[in-house]
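What follows is a set of notes on a single structure, which appears directly below.
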Amino acid sequence: CGLHTNNSELMTKIVVCSIDLETTGLSVYNDRVCQIGVSFDSFDGVERKPFQTLVNPGRAMSKKAAEITGLTDDVLRTAPDLITALLSLYKHIEDTLPSSEDAVRVLVSYNGHGFDLPLLVSDAMRHGMDVSRYFDSIRMSFAIDLLPFCRQHLDADLLPKGAKGRVSFKLCDVYKACSGHVLDGAHDALVDCRATLELIKSDHLCDHFHARIDARQCDIPTDIIAKCITQTKAQKDKPPLSKKRKRGAIDVVTSRKKV
């Protein structure tokens, strides 16, 4: 299908930016970023260099996260910290994307609004970053989380079902349904964000994606970030659970990622 739009003026302005994170675990407010990947596609067909960096999370990887990503504490120890990594991402975006004021940057992700962006905001705030200012500076116009998008538009009969009959919307399963191929190298940030871009170009989803763009029925990135900031501040204000409560409690800040 490929990227296209019925709005020829809009077509020349849009660059789609896909972001994915790998993290030390699945707790939005307690875990840390350990890898960032961003890749790009555009209606003008210009190839743009992707961005990827490891991040020193300043804490140990959980056993499960290390198994899934293949990243170890020794590998991450010499990586840049999160602030350095985000500043490098900002420079890469400025050097790579069109700089005109009317350029339209669309930020896509897979479960990004439920996991990646809240965790990124929480971790960046922990480092003292002015997160609102940072996201204002990278000038993303619209945002689409492809997990709820796929739940809405992708035929569930194409997807596998778990033991309890629930349809799996894991990224690897959705990618296979849309492309017919296994997602090799999954749980690498750059592999996953490239796979996310492939979803919106597949025959199953591209028309729905383009209709969403044409109608501008997208989320506003600054609104999402503001919500993440509010939720992070609210989480910090909560009293800590007692040790007894922690052992039996469900971690309410854990969001299921694509594992």
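Nothing fancy with the numbering, it's 1 onward along the sequence.
- For the residue pair Leu190 and Ser39, the shortest heavy atom distance occurs at CD1-CB, 4.3 Å.
- The side-chain heavy atoms of Pro80 and Asn56, taken from C-beta on, include no pair separated by under 4.5 Å.
- How far CZ of Phe51 is from CD1 of Ile19: 9.0 Å, rounded to the nearest 0.5 Å.
- Residues Val191 and Asp184 have side chains not in contact (no heavy-atom distance under 4.5 Å, counting atoms from C-beta outward).
- Between Lys201 and Glu198 there is a salt bridge, with a side-chain nitrogen of the basic residue lying less than 4.0 Å from a carboxylate oxygen of the acidic one.
- In summary, of the residues considered (Leu159, Leu146, Asn111), a side-chain contact (heavy atoms from CB on, under 4.5 Å) with Phe169 occurs for Leu159 alone.
- With a 6.0 Å radius and a threshold of 12 heavy atoms from other residues, nucleotides or ligands, Lys161 has its NZ atom above the threshold.
- The closest side-chain heavy-atom distance from Ile144 to Arg212 is below 4.5 Å.
- For Thr23 and Arg32, the side-chain atoms include no donor-acceptor pair closer than 3.5 Å.
- Under a 4.0 Å N-O distance rule, the pair Asp41/Arg48 does not qualify as a salt bridge.
- Atoms OG and NZ, on Ser141 and Lys13 in that order, are 10.5 Å from each other to the nearest 0.5 Å.
- Looking at Tyr134 and Met129, their side chains come closer than 4.5 Å, going by heavy atoms from C-beta outward.
- Of all heavy-atom pairs spanning Leu205 and Cys178, the tightest one is CD1-SG, 3.9 Å.
- Residues Asp116 and Leu120 fail the side-chain proximity criterion, which asks for heavy atoms closer than 4.5 Å.
- Taking each heavy atom of Gly112 and Pro118 in turn, the nearest pair found is O-CD, 3.4 Å.
- Side-chain contact between Tyr29 and Thr232: present, with at least one pair of heavy atoms (C-beta onward) separated by less than 4.5 Å.
- When the side chains of ILVMFWY residues are joined at heavy-atom separations under 4.5 Å, either directly or via intervening members, Ile83 and Leu54 end up in two distinct hydrophobic clusters.
- In the model, Gln52 has a side-chain atom that pairs as donor or acceptor with a side-chain atom of Asp188 under 3.5 Å.
- Residues Met61 and Cys34 form a side-chain contact, since some pair of their non-hydrogen atoms from C-beta on lies under 4.5 Å apart.
- For the pair Arg133 and Asp136, the salt-bridge criterion is not met [side-chain N within less than 4.0 Å of a carboxylate O].
- Ion pairing of Arg194 with Asp20 is absent here, as no side-chain N (NZ or NE/NH1/NH2) approaches a carboxylate O to less than 4.0 Å.
- Using a 4.0 Å cut-off between charged side-chain N and carboxylate O, Lys176 and Asp173 make no salt bridge.
- Counting heavy atoms from C-beta outward, Leu199 and Val108 have side chains that stay 4.5 Å or more apart.
- In the model, Asp145 has no side-chain atom that pairs as donor or acceptor with a side-chain atom of Ser109 under 3.5 Å.
- Under the 30°/60° scheme for interplanar angles, the aromatic rings of His92 and Phe40 are found to lie parallel.
- Under the 30°/60° scheme for interplanar angles, the aromatic rings of Phe209 and Phe149 are found to stand perpendicular.
- With respect to Asp73 and Arg77, no salt bridge is recorded, no charged nitrogen being found less than 4.0 Å from a carboxylate O.
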